Undergrad: 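Following this message is one structure expressed as structure tokens.
All heavy atoms count here, side chains included; hydrogens, waters and symmetry mates do not. Just so it is clear, the model here is predicted, and its values are computed rather than measured. Note on naming: letters A, B, ... go to the chains in the order of the sequence lines (proteins, then strands), and numbering restarts at 1 for each one.
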Amino acid sequence: MLKTHNCGELRVEHAGQQVTLAGWVNRQRDQGGVVFIDLRDRWGITQVVVDEATSPQAHPIARDARSEYVLQVQGVVRVRPAGTANPELETGEIEVVAQNITLLNASRTPPFYINKEERIEEVRRMQYRYLDLRRPSMQYNIVLRHRIIKFLRDYLDARGFVEIETPILFKTTPEGARDFLVPYRLQPGKFYALPQSPQQLKQLLMVAGYERYFQIARCFRDEDLRGERQPEFTQLDMEMSFIEREDIMQLVEGMMIALVEGVGTNKQLLWKPFPRLTYTEAMEKYGSDKPDLRYGMAAVDVSDIAGKSGFGVFQTNVAEGRPVKAMRVPGAGAVSGTQLRKDTAELEDLARSAGAKGLAWMALPTDENDEVKGPIGKFFTVEQKLELFERLEARPGDLLLFLSDRCEVVYNAVDILRRTLADKLNLLDPNQFAFIWVIDFPLFLWDEENKRWDPSQHMFTAPMPEDLPLLDTDPGKARGSQYDLVCNGYEVAGGSIRIHDRAMQEKIFPLIGQTMEHAREQFGHMLEAFEYGTPPHGGIAAGIDRLAMLFAGAPNIREVIAFPKTQTGSDIMAHAPSPAEPGQLEELGIAVVIEEDKEDA
RNA sequence: GGGGGCGUGGUGUAGCGGCCUAACAUACUGCCCUGUCAAGGCAGAGAUCGCGGGUUCAAAUCCCGUCGUCCCCGCCA
């Protein structure tokens, strides 16, 4: 070893010890006769003192040392002279008096600061990702991610789960996203697909009798990127046999609580056990199947009251079956008239961008004797207003927003209004975790474009037993045995009880527009497996990137992925993707045909 | 596929028609300095303002296109 201690561990009790440290120059302070070097490694920073008089060998090297030079320092630990301790440093009580310094490697001037937390343009960070990752904040994120994964592994291992690897080179998987294809030289013209998840394989492991499986699995989906989505991402993939929905939810909930409480961050659970919302409740109240419950502002149906008001839009909509929903924004009405008009105009624009035709509002005065402000107030009788306020639990100074349209439009608008208002009103505390379960999803969602039902999760999700008859009569009403774990507005895990019966599986295919022929071709091995004693089973997959992001308090998952891709799927450092060599393509029997720019070529 | 933001010395920002021969901080280079820790002092170097075109007497600044990146919708659980 080139070091006997790391740069974060030396304390007063080490005083007098001969030590060797190695690391990077975080900062160098040249005082002339004495040079201070803050030596940094993954564990911390230790001050090295180099005195010209007592360390003639080390002094010139220390003088020439620059940021990010790699040094090995041999010296003696000493308690710092009185008055020179640095309470900012964990090692601030001591310093290492250098006897010998070896320059292990020099460094060019880095393109950005390693020793200073400053927002740097992301292109630059990605171009020099190895330097970006050297920054302490990134090292914290990456190590935190490791701790999360380690915790989950240990937790599941202790409960009889077996970690099993599944292939990356596989076949199209039924998650509904676009596949990444990998051409294969030995069979020109044929392609592997990278797994969108190990879904089929983990079910087959249940058929194989492993009963409790997990894997830290890389998944691949060729869809557009977002802050929370990368083309390759990591899931904690799990599957269990002989269990019911409740068993998995309990296990995962216990695991998440233990993780939050055991992984050593300052994150607080807002509540436990985790509340459960049905999909319908989530949509009705929050307009989203992954609502952020760190704040309220739930939508409340006021169709009955609004329909009786004198406001024509509400009357017509309610008469034609379109709901009127109201949201209470605490305190947002207690501003000047000018400000109120500006705020509500902005919110109305937002609602319009979500497809709504408008946004009505009432502002409750802070003085209860004043009139309610807002253009629709006059259409409501005093009694109607009081009824509204009571239902919304409105207080003086609140702003009430009213939306009325088709359900989907109202949901959309409620969702975007809630999220925007929460941000504006500073209601988003990243240290608070609001975990909730969303259950009772519809098994299918109608795909208007292709005029068919689409599985809302995937084709192996079992219907809720009591909804089986609906498959024949009204498939849209059938609920799936699906459960999603949501935290702070992010879906962090999703799973279901699976179909383990061939007949049931074959019943699903035609409903989702799969011909039997195509289904057998793609999934024949699954159907066949179901005939050999498949146990009832189910599972869940948790997004490790999103969890790590939440635990790190990071704004996107790139901050917790060592080498992420940009929004266009590029790796700026390595310049991937890149054209293939003609010889490689020839071996694969592939010709690249790139469309010339359609018109303006 | 669509909408929006951003792109100025190495880095982070300012400048948003003429006072820009582009400012500030920091980093960088040299010299001075024996208790600093965002060290300090003095001196210095460093930018065709992403790229291309246009408008104008005059463009970092306005317009169009393009490239890159980020956010959002679609897409994706």
Undergrad: Where each residue is assigned the nucleotide of RNA chain B containing its nearest heavy atom, which of A/R546 and A/E118 is assigned the position nearer the 5′ end?
TA: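 Looking at the nearest nucleotide for each, A/E118 comes out on the 5' side.
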Undergrad: As a test of understanding, state which of A/R276, A/K477, A/R479 forms a salt bridge (Lys or Arg N to Asp or Glu O under 4.0 Å) with A/D440.
TA: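 The option that passes is A/R479.
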Undergrad: Between B/rG35, B/rG12, B/rG10, which nucleotide has the shortest distance from any of its atoms to the side chain of A/Q31?
TA: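 Closest of the options to the side chain of A/Q31: B/rG35.
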Undergrad: Would you state whether a donor and an acceptor, one from the side chain of A/R80 and one from the base of B/rU36, lie under 3.5 Å apart?
TA: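 Such a pair is found, so the answer is yes.
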Undergrad: Quick one: the side chain of A/R78 and the base of B/rG35, do they pair up donor-acceptor inside 3.5 Å?
TA: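 By the distance-only test, yes, there is a pair.
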Undergrad: Looking only at atom types and distance, does a side-chain atom of A/S481 sit under 3.5 Å from a main-chain N or O of A/I497, one as donor and one as acceptor?
TA: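 Checked: pair present.
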Undergrad: Taking a pair as Watson-Crick or G-U wobble with both distances under 3.5 Å, which nucleotide is matched to B/rG7?
TA: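 B/rG7 is paired, partner B/rC67.
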Undergrad: Could you tell me whether the side chain of A/R558 and the main chain of A/T566 form a donor-acceptor pair under 3.5 Å?
TA: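 Not at all, since once roles are kept as given, no pair shorter than 3.5 Å links the two residues.
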Undergrad: What is the nucleic acid contact for A/E95, judged by heavy atoms within less than 4.0 Å: base, sugar-phosphate only, or nothing?
TA: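 A/E95: base contact, heavy atoms under 4.0 Å.
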Undergrad: Under the 5.5 Å and 30° test, is A/F36 stacked on the base of B/rU36?
TA: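 Stack criterion met.
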Undergrad: Just how far, in rounded Å, is P of B/rC75 from CZ of A/F180?
TA: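 Those two atoms, CZ and P, are 19 Å apart.
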Undergrad: Over how many whole Å does the gap from A/N86 atom CG to B/rA38 atom P extend?
TA: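 That distance rounds to 7 Å.
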Undergrad: Regarding A/D222, tell me which of base, sugar-phosphate or nothing describes its non-hydrogen contacts under 4.0 Å with the strands shown.
TA: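 Result for A/D222 = nothing.
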Undergrad: For B/rG68 and B/rA59, measure between their C1' atoms and round to the nearest Å.
TA: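 To the nearest whole Å, 23 Å.
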Undergrad: Would you measure the distance from the C1' atom in B/rA45 across to the matching atom in B/rG4 and give it in whole Å?
TA: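 Result for the C1' pair: 40 Å, nearest Å.
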Undergrad: Within the structure, does a side-chain N or O atom of A/R124 lie under 4.0 Å from either OP1 or OP2 of B/rC6?
TA: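 Checking A/R124 against B/rC6: no side-chain N or O falls below 4.0 Å of OP1 or OP2.
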Undergrad: With both distances under 3.5 Å as the test, what is the Watson-Crick or G-U wobble partner of B/rC57?
TA: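 B/rG18 is the nucleotide pairing with B/rC57.
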Undergrad: Take A/I572 and A/Q457, find for each the nucleotide of RNA chain B with the closest heavy atom, and name the residue whose nucleotide sits nearer the 5' end.
TA: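 The residue mapped nearer the 5' terminus is A/I572.
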Undergrad: Any donor-acceptor pair under 3.5 Å linking the side-chain atoms of A/T234 with those of A/R145?
TA: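 Note: A/R145 and A/T234 side chains meet the donor-acceptor criterion.
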Undergrad: Rounded to the nearest Å, what distance is computed from the CG atom of residue A/D289 to the P atom of nucleotide B/rC76?
TA: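 Distance, rounded to whole Å: 13 Å.
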Undergrad: Rounded off to whole Å, could you give me the CD1-to-P distance for the A/I94 and B/rG35 pair?
TA: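 So the CD1-P distance, A/I94 to B/rG35, works out to 20 Å.
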Undergrad: Describe the nucleic acid contact of A/A82 in one word from base, sugar-phosphate, nothing, applying a heavy-atom distance below 4.0 Å.
TA: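 No contact at all - A/A82 keeps every heavy atom at 4.0 Å or more from the nucleic acid.
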Undergrad: Relative to the ring of A/F444, is the ring of A/W453 parallel (under 30°), tilted (30 to 60°) or perpendicular (over 60°)?
TA: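 A/W453 and A/F444: tilted rings.
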Undergrad: Under 4.0 Å between any heavy atoms, over every strand shown, what does A/G176 touch: base, sugar-phosphate, or nothing? Just pick one.
TA: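 Sugar-phosphate contact only.
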Undergrad: For the P atoms, the ones on B/rU66 and on B/rG9, what distance do you get once it is rounded to whole angstrom?
TA: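 So the two P atoms sit 24 Å from each other.
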Undergrad: How far, in whole Å, is B/rA38 from B/rA43 if one measures between their P atoms?
TA: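 Comparing P positions in B/rA43 and B/rA38 gives a spacing of 25 Å.
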Undergrad: Across the strands shown, which category fits A/S570 at heavy-atom distances under 4.0 angstrom: base, sugar-phosphate, nothing?
TA: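 Result for A/S570 = sugar-phosphate.
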Undergrad: Ignoring hydrogens and angles, tell me if any N or O in the side chain of A/S55 forms a donor-acceptor pair with the backbone of A/V50 under 3.5 Å.
TA: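 No, the answer is negative, given that no donor and acceptor are paired below the 3.5 Å cut-off.
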Undergrad: In whole angstrom, give me the gap between the P atoms of B/rU48 and B/rA23.
TA: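 Result for the P pair: 14 Å, nearest Å.
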Undergrad: Please give, in whole Å, the distance from B/rC33 P to A/D51 CG?
TA: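 Roughly 15 Å, once rounded to whole Å.
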Undergrad: In whole angstrom, give me the gap between the C1' atoms of B/rG40 and B/rG46.
TA: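 Straight-line distance between the two C1' atoms is 23 Å.
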Undergrad: Between A/M238 and A/L251, is any pair of side-chain heavy atoms under 4.5 Å apart?
TA: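 Side chain of A/M238 against side chain of A/L251, heavy atoms only: contact under 4.5 Å found.
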Undergrad: At a heavy-atom distance below 4.0 Å, what parts of residues 126-139 of chain A sit against RNA chain B?
TA: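 Nucleic-acid contacts, sorted: none.
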Undergrad: Does anything in residues 223-230 of chain A come within less than 4.0 Å of RNA chain B? Heavy atoms only, and list the residues if so.
TA: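 Hits under 4.0 Å, by residue number: A/E223, A/D224, A/R226, A/G227, A/R229.
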Undergrad: In this structure, how many angstroms lie between the C1' atom of B/rU36 and the CD atom of A/E52, rounded?
TA: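 Taking atom C1' of B/rU36 as the reference, CD of A/E52 is at 16 Å.
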Undergrad: Have A/Q28 and A/D30 got a donor and an acceptor in their side chains that come within less than 3.5 Å?
TA: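 No donor-acceptor contact under 3.5 Å links the two side chains.
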Undergrad: Please list, for nucleotides 25-27 of chain B, all pairs of protein and nucleotide N/O atoms separated by less than 3.5 Å.
TA:
{"unit_1": "B/rU26", "atom_1": "O2'", "unit_2": "A/Y113", "atom_2": "OH", "d": "2.4"}
{"unit_1": "B/rU26", "atom_1": "O2'", "unit_2": "A/K116", "atom_2": "NZ", "d": "3.4"}
{"unit_1": "B/rU26", "atom_1": "O2", "unit_2": "A/Y113", "atom_2": "OH", "d": "3.0"}
{"unit_1": "B/rA27", "atom_1": "O4'", "unit_2": "A/Y113", "atom_2": "OH", "d": "3.1"}

Undergrad: B/rU69 phosphate, OP1 or OP2: any side-chain N/O from A/T566 under 4.0 angstrom?
TA: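 So the side chain of A/T566 is within the cut-off, an N or O lying under 4.0 Å from OP1 or OP2 of B/rU69.
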Undergrad: Give me the ring orientation class for A/F274 and A/W437: parallel if the planes are under 30° apart, tilted from 30 to 60°, perpendicular past 60°.
TA: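 Ring orientation, 0 to 90° scale: tilted.
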Undergrad: Across the strands shown, which category fits A/P81 at heavy-atom distances under 4.0 angstrom: base, sugar-phosphate, nothing?
TA: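 Contact class for A/P81: base.
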Undergrad: Between A/D179 (side chain) and A/L181 (backbone), is there a donor-acceptor pair under 3.5 Å?
TA: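 Side chain of A/D179 to backbone of A/L181, a donor-acceptor pair under 3.5 Å: no, none is there.
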Undergrad: If only side-chain N and O atoms of A/Q47 are considered, is one of them under 4.0 Å from the OP1 or OP2 phosphate oxygen of B/rU36?
TA: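 Looking at the OP1 and OP2 atoms of B/rU36, neither is under 4.0 Å from any side-chain N or O of A/Q47.
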Undergrad: Using the C1' atom on both, measure B/rU61 against B/rG54 and round to a whole Å.
TA: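 Their C1' atoms lie roughly 15 Å apart.
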Undergrad: B/rA39, OP1 or OP2 - any side-chain N/O from A/R29 closer than 4.0 Å?
TA: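 A/R29 to B/rA39 OP1/OP2: side-chain N or O found under 4.0 Å.
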Undergrad: Contact class for A/A541 vs. all strands (heavy atom < 4.0 Å): base, sugar-phosphate, or nothing?
TA: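 Nothing, no nucleic acid heavy atom in range.
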Undergrad: Could you measure between the two C1' atoms, the one in B/rG12 and the one in B/rA47, and give it in whole Å?
TA: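 15 Å, rounded to whole Å.
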Undergrad: In the strands shown, is B/rG40 matched to any nucleotide by a Watson-Crick or G-U wobble pair with both distances under 3.5 Å, and which?
TA: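 Matched B/rG40 with B/rC32 under the 3.5 Å cut-off.
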Undergrad: Between A/I416 (CD1) and B/rC73 (P), how many Å, whole number?
TA: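 A/I416 atom CD1 is separated from B/rC73 atom P by 7 Å.
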Undergrad: Describe the nucleic acid contact of A/E88 in one word from base, sugar-phosphate, nothing, applying a heavy-atom distance below 4.0 Å.
TA: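 Nothing, no nucleic acid heavy atom in range.
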Undergrad: Knowing that exactly one of A/I561, A/V560, A/V492, A/L236 qualifies, which makes a side-chain contact (heavy atoms from CB on, under 4.5 Å) with A/I544?
TA: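 Of the listed options, the one satisfying the test is A/L236.
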Undergrad: For A/R125, answer base if it contacts any base atom (sugar-phosphate contacts may also be present), sugar-phosphate if it contacts only those atoms, and nothing otherwise; contact means non-hydrogen atoms under 4.0 Å.
TA: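 If one applies the 4.0 Å heavy-atom cut-off, A/R125 turns out to touch nothing in the nucleic acid.
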Undergrad: B/rC71 P sits how many Å from A/L350 CG, rounded?
TA: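 In whole Å, B/rC71 P and A/L350 CG are 19 Å from each other.
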Undergrad: State whether a side-chain donor-acceptor pair under 3.5 Å links A/D237 with A/Y213.
TA: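 The answer is yes; a qualifying pair exists.
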Undergrad: Without swapping roles, check the side chain of A/R80 against the backbone of A/I94 for a donor-acceptor pair under 3.5 Å.
TA: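 Judged by distance alone, yes, a pair lies under 3.5 Å.
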Undergrad: B/rA77, B/rU36, B/rC71: which one has an atom nearest the side-chain heavy atoms of A/S456?
TA: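 Side chain of A/S456 sits closest to B/rA77.
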Undergrad: Any side-chain donor-acceptor pair under 3.5 Å between A/Q215 and A/T166?
TA: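 On atom types as modelled, these side chains qualify, holding a pair under 3.5 Å.
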Undergrad: Under a 4.5 Å cut-off applied to non-hydrogen side-chain atoms, are A/P136 and A/E117 in contact?
TA: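 Yes, their side chains come closer than 4.5 Å.
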Undergrad: Has A/E95 got a side-chain atom pairing as donor or acceptor with A/R78's backbone, closer than 3.5 angstrom?
TA: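 No; zero donor-acceptor contacts below 3.5 Å.
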